[in-house]
Number of protein chains: 2
Amino acid sequence: MSKELTRRRDLIAATIREIGERGTLGVTVGQIAKRAGVSPGLAFHYFGDKEALFLAAMRTILRDYGRDVRAALGAASGPRQRLDAVIDANFADSHFRDGAVAAWLNFYVLAQSSGEAARLLALYHRRLHSNLMHDLRPLAGASAESIARRLAALIDGLYLRFALTRHDVDAGAAADEVRAALDAALVATECHEPRRAARS
Amino acid sequence: MSKELTRRRDLIAATIREIGERGTLGVTVGQIAKRAGVSPGLAFHYFGDKEALFLAAMRTILRDYGRDVRAALGAASGPRQRLDAVIDANFADSHFRDGAVAAWLNFYVLAQSSGEAARLLALYHRRLHSNLMHDLRPLAGASAESIARRLAALIDGLYLRFALTRHDVDAGAAADEVRAALDAALVATECHEPRRAARS
DNA sequence: TCATTAATTGACCCGTCAATCAATTTTGCC
DNA sequence: GGCAAAATTGATTGACGGGTCAATTAATGA
């Protein structure tokens, strides 16, 4: 039984690394199995088919992400610190390591045609949104909803850009950009009522 | 000779639609050719291989995007109006129509392993950035650079989210979000350091 | 020790698909 | 009409990859 868990873990890790290396979900199950030091048949034995293996890998990535966020929140106190923690967690090294980036990109593609992938993606969206809302509400009141939407999209967009720009992937800089946007949004709501958005 | 142009156009249109329908670059050249009302061989005759066909399709999408932006800018006057125009153009219907969304997602995946795709993507990034900078400089001065980076990422992130969320793809709402972010950024810079109007 | 079960292998099947190419049709031209 | 060049076909090839499965090996335990 613990043998099975080990195998599953190994295969999932191999899936992420292999996709990360080749950049595409078009890697073969054989390549993944080989990297896991296992025969191709075993991957099918444990996961059924290739898509299920990939989705298991994404579930692992999302679980790790959730763990990181929770850990960061645990060490923070007060709305602003907690928001910073969420932002930092979204650009933690673990999200750029291995093949997480490539996995995410392929995940987006798959989410268009796979109901399960779409479900998982929606889960991520909901989690991020509710994490932001929790600490944005006390700071921005009625504007919280709109700010949360913007921050979430900004996080995704920055992740995309930083991930796809070969040269220097400095995750810290991305987190700073989000913080700057958050500052601007908060200052703006305090300073003066935005005409188009909700009032604070 | 104009026959060739017609064929190329048809094949490119078919590529975008086919990818849009299936969601993946994993469509076969045969399917694309069939949709274009042409034999598979012809696609290879004109484009060489599948990747070249797809990149030609992306070049078309980017060219259309550039055209939209230029048209919108032509009808605008003053920095703020021009920024609004750029933002609107980025969420014009044409970017969501057909298979543009699916093409973009697969383009991101390909940009990881194809130099040409990466080059094209960088071109898009540069264009967007310089469009934003042109009219942000007079409005935000020294903050322009950072605001432009944030707006560009926000645009990408919102596009992703709106594209991947089946239910309500209201592009206008996305544009409003970007405008709200722009307002906040400008208000924030004004509040922070009440400054004289710009240099350019 | 040996029998039973679980884990694992890897050869194999079968469909698929990118790419080729010889053959055929169409076009353009005199 | 008739001829050369261009356009187009679609059958074919060769490789490849997902998934299966019968056979083999390891673990368990009495």
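Keep in mind it's a predicted model, so treat the numbers as computed, not measured. Below, read A as the first sequence line, B as the second, and so on, with proteins coming before strands; counting in each chain starts at 1.
- Dashed line: the shortest gap from a side-chain N or O of A:R7 to OP1 or OP2 of C:dT8 is under 4.0 Å.
- Rounded to an integer number of Å, the gap from NZ of B:K50 to P of C:dA19 is 8 Å.
- Going from atom CD of B:E4 over to atom P of D:dA6 covers 11 Å, rounded to whole Å.
- When rounded to the nearest whole Å, the span between CG of B:L5 and P of D:dA6 equals 16 Å.
- For B:Q31 and C:dT16, the CD to P distance is 11 Å, given to the nearest whole Å.
- For B:S39, the side-chain atoms get nearest to D:dT8 when compared with the rest of C:dA19, C:dA7, D:dT8.
- Ring pair B:F96/B:F162: centre-to-centre distance not below 6.0 Å.
- Here D:dG17 presents its C1' atom at 8 Å from CZ of A:F44, a figure rounded to the nearest Å.
- If you check every strand for non-hydrogen atoms under 4.0 Å, A:F47 touches nothing.
- With D:dT8, C:dT8, C:dG10 as the candidates, the nucleotide lying closest to the side chain of A:H45 is C:dT8.
- Using a 30° and 60° split on the angle between ring planes, A:Y108 and A:W104 fall in the tilted class, from 30° to 60°.
- In summary, the aromatic rings of A:Y124 and A:Y65 are positioned with their centroids under 6.0 Å apart.
- Here A:F54 and A:F47 keep their ring centres 6.0 angstrom or further from each other.
- With rounding to whole Å, A:L42 atom CG is found 18 Å from D:dT24 atom P.
- Rounded to an integer number of Å, the gap from CZ of A:R8 to P of C:dA7 is 11 Å.
- The separation between B:L25 atom CG and C:dC17 atom C1' is 13 Å, rounded to whole Å.
- Among the nucleotides D:dG10, C:dA18, D:dG18, the one closest to any side-chain atom of A:T28 is D:dG18.
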